[in-house]
> 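Please find one structure pasted underneath; my questions will follow.
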Amino acid sequence: SRSPTPMKLRDAPSACPSLWRCLPCPPAELRLDLVLSSGQSFRWWESSPGAWTGVLGGRVWTLRQDGDRLWYTVYGEEDEHEEEQQGGCPAKAAKLDAAETDRILRDYFQLDVGLSALYRAWGAADPLFRKVANDFPGVRVLRQDPVECLFSFICTSNNHISRITAMIERLCQAFGRRLCCLDSRPFHAFPSLSALTGADAEARLRALGFGYRAKFVSGSARAIAEGLGTEGLCQLRTEPYAEARRVLCALPGVGAKVADCVCLLSLDKAEAVPVDTHVWHIAQQRYGVALGGKSLTPRAYQEIGDFFRGLWGPRAGWAQAV
DNA sequence: AGTGGACCTGACCTT
DNA sequence: CAACACAGGTCCACA
């Protein structure tokens, strides 16, 4: 096949407006910079000031916010399925149509959930929230792919953001389908479950610097592949929070905190409150949650979650993200 | 049941 | 400058 002209990163609609589309979206409803850099997803990168490039739904996107509009552009595949002529119009097959990309983005950012009303309710119930909310408007929970979310958060245990990001980048590069090159930088999809079930997966992950998490990632991939499957994992979206949590916690490397992250960020469990060491300290110092232990015991974990659910209500996880 | 250690790694901050 | 503690936890082995 012919060698395609190298694609370039796009940073703003002005240069080539026909490649961009936009959705109505005021800053009070979404602050792209806060949401994409807050550690919910590790796959977005500020490619130029105000422009965020990343992989979503098997495509590479650049997003930019300008006033009340959310602008986006989607990059084509490296090989736009040149051989694939069966099944009708090639142009249609090669390119997602506008309605579809709009839908993907609206779904990912859950734009049908009105954030300003939620902020008002949380603020009314909690003066401390009001204070923080002032400086951090437009922070909402992403609706991520369950497989990506699960394996990403397995990598977060006892780890820090900079290393997590680098690990996941290497994971995608080594196990994920290559999508395209932008400014000669390759972009890869997040690996499918089956890509992680190989016999040598653990060793390869070790070589990529995953440490003891290599066993967790490959072990969880195996367990899901032999159990509920990718479909079953996704179907946890329709199960109750407690059930989803129970299933996730049975996987190696998945404890209460990681399970809650996956529940909140990919399985539609808005009441899930992931309690990390930071949240634990906040709960004690700022909210005076009285808990005996010097460490975050399972009981303390449960009580802190219950406390915030009591304070903020059924979307406590969303409030926590702020 | 509930608690203390070990666990991979490496950018970053104190000694 | 090198050692070090530390970082968005989890698992396992013992009271």
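Naming: A, B, ... by sequence-line order, numbering from 1 per chain. This one's a predicted model, so the numbers in the text were calculated from it and none came from an experiment.
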> Figure out the CG/P separation between A/Asn158 and C/dG9, and round it to whole Å.
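Value for this atom pair: 6 Å.
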> Any side-chain donor-acceptor pair under 3.5 Å between A/Tyr75 and A/Arg59?
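Note: A/Tyr75 and A/Arg59 side chains miss the donor-acceptor criterion.
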> Give the residues of residues 255-268 of chain A touching DNA chain C, defined as any heavy atom closer than 4.0 Å, sorted by residue number.
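Going residue by residue through residues 255-268 of chain A, the ones with a heavy atom under 4.0 Å of DNA chain C turn out to be A/Gly255, A/Ala256, A/Lys257, A/Val258.
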> Evaluate the ring planes of A/Tyr287 and A/Phe308, with Trp represented by its six-membered ring, and classify them as parallel (under 30°), tilted (30 to 60°) or perpendicular (over 60°).
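Rings of A/Tyr287 and A/Phe308: perpendicular, as their planes differ by over 60°.
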> Under the side-chain hydrogen bond (donor to acceptor under 3.5 Å, both in side chains) rule, what pairs show up with a residue in residues 260-280 of chain A, not counting sequence neighbours?
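side-chain hydrogen bond (donor to acceptor under 3.5 Å, both in side chains) check on residues 260-280 of chain A returns A/Arg143-A/Asp268, A/Tyr241-A/Asp260, A/Arg245-A/Asp260, A/Asp260-A/Tyr301.
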> List in chain and number order the residues that pass side-chain contact (heavy atoms from CB on, under 4.5 Å) with A/Val247, two or more places apart in sequence or in another chain; answer none if no residue qualifies.
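Scan of A/Val247 (side-chain contact (heavy atoms from CB on, under 4.5 Å), adjacent residues dropped) gives A/Leu228, A/Leu236, A/Glu243.
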> Pair up each side-chain donor or acceptor in residues 7-20 of chain A with any protein partner under 3.5 Å, not counting sequence neighbours, and list the distances.
from	atom 1	to	atom 2	distance (Å)
A/Arg10	NH1	A/Thr73	OG1	2.6
A/Arg10	NH1	A/Val74	O	3.3
A/Trp20	NE1	A/Ala12	O	3.4

> CZ of A/Phe210 to CG of A/Asn159: how many Å apart, nearest 0.5 Å?
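If I round to the nearest 0.5 Å, the distance is 9.5 Å.
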> Restricting to nitrogen or oxygen on both sides, can you table the protein-nucleotides 10-15 of chain B pairs closer than 3.5 Å?
none

> Please determine if a side-chain N or O atom of A/Arg213 lies less than 4.0 Å away from the OP1 or OP2 oxygen of B/dC7.
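For B/dC7, neither OP1 nor OP2 has a side-chain N or O of A/Arg213 closer than 4.0 Å.
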> Using heavy atoms and a sub-4.0 Å distance, could you list which residues of residues 138-157 of chain A are near DNA chain C? By number, please.
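Contacts with DNA chain C under 4.0 Å: A/Thr156, A/Ser157.
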> What does the 5'-to-3' dot-bracket notation of DNA chain B look like when only Watson-Crick and G-U wobble pairs under 3.5 Å count, and pairs to other strands show as |?
.||||||.||.....
> Got a donor-acceptor pair under 3.5 Å from the side chain of A/Tyr301 to the base of C/dG9?
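Donor-acceptor pair under 3.5 Å: no.
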> In sequence, state the C-alpha distance, the side-chain angles, and the governing distance for A/Phe129 and A/Phe136, and then conclude on ring-ring contact (aromatic ring centres under 6.0 Å, His included).
CA-CA 10 Å; A/Phe129 178 89; A/Phe136 299 96; over 10 Å; no
> What salt bridge (charged side-chain N to carboxylate O under 4.0 Å, His left out) pairs are there with at least one residue in residues 307-318 of chain A, not counting sequence neighbours?
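Every salt bridge (charged side-chain N to carboxylate O under 4.0 Å, His left out) pair that includes a residue of residues 307-318 of chain A, provided the two are not neighbours, is A/Asp306-A/Arg309.
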> Please give me every residue in residues 243-250 of chain A whose heavy atoms get under 4.0 Å of an atom in DNA chain C, ordered by residue number.
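Listed by number, there are none.
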> For a salt bridge (Lys or Arg N to Asp or Glu O under 4.0 Å) check, start with the C-alpha distance between A/Glu77 and A/Arg177, then their side-chain angles and the critical distance, and finish with the verdict.
CA-CA 11 Å; A/Glu77 295 263 350; A/Arg177 184 169 62 93; 3.5 Å; yes
> Starting at CE of A/Met167 and ending at P of C/dG8, how long is that distance when rounded to a whole Å?
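Between P of C/dG8 and CE of A/Met167: 13 Å.
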> Would you mind reporting whether A/Leu63 and A/Phe109 have side-chain heavy atoms less than 4.5 Å apart?
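In short, these two side chains touch, coming nearer than 4.5 Å.
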> Restricting to pairs with a member in residues 203-225 of chain A, which pass side-chain hydrogen bond (donor to acceptor under 3.5 Å, both in side chains), not counting sequence neighbours?
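Sorted pair list comes back empty.
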> Keeping to residues at least two apart or across chains, list the salt bridge (charged side-chain N to carboxylate O under 4.0 Å, His left out) pairs with something in residues 24-44 of chain A.
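For residues 24-44 of chain A, and leaving out neighbouring residues, the salt bridge (charged side-chain N to carboxylate O under 4.0 Å, His left out) pairs sorted by first residue read A/Glu29-A/Arg140, A/Arg31-A/Asp33.
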> Which part of the nucleic acid, if any, lies within contact of A/Gly253, taking any heavy atom under 4.0 Å across all strands shown: a base, the sugar-phosphate backbone alone, or nothing?
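Sugar-phosphate contact only.
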> Would you confirm whether the ring centroid of A/Phe175 sits within less than 6.0 angstrom of the ring centroid of A/Phe190?
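No, ring centres 6.0 Å or more apart.
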> A/Ser162: what forms a side-chain contact (heavy atoms from CB on, under 4.5 Å) with it, not counting sequence neighbours?
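A/Ser162 satisfies side-chain contact (heavy atoms from CB on, under 4.5 Å) with A/His160 once adjacent residues are dropped.
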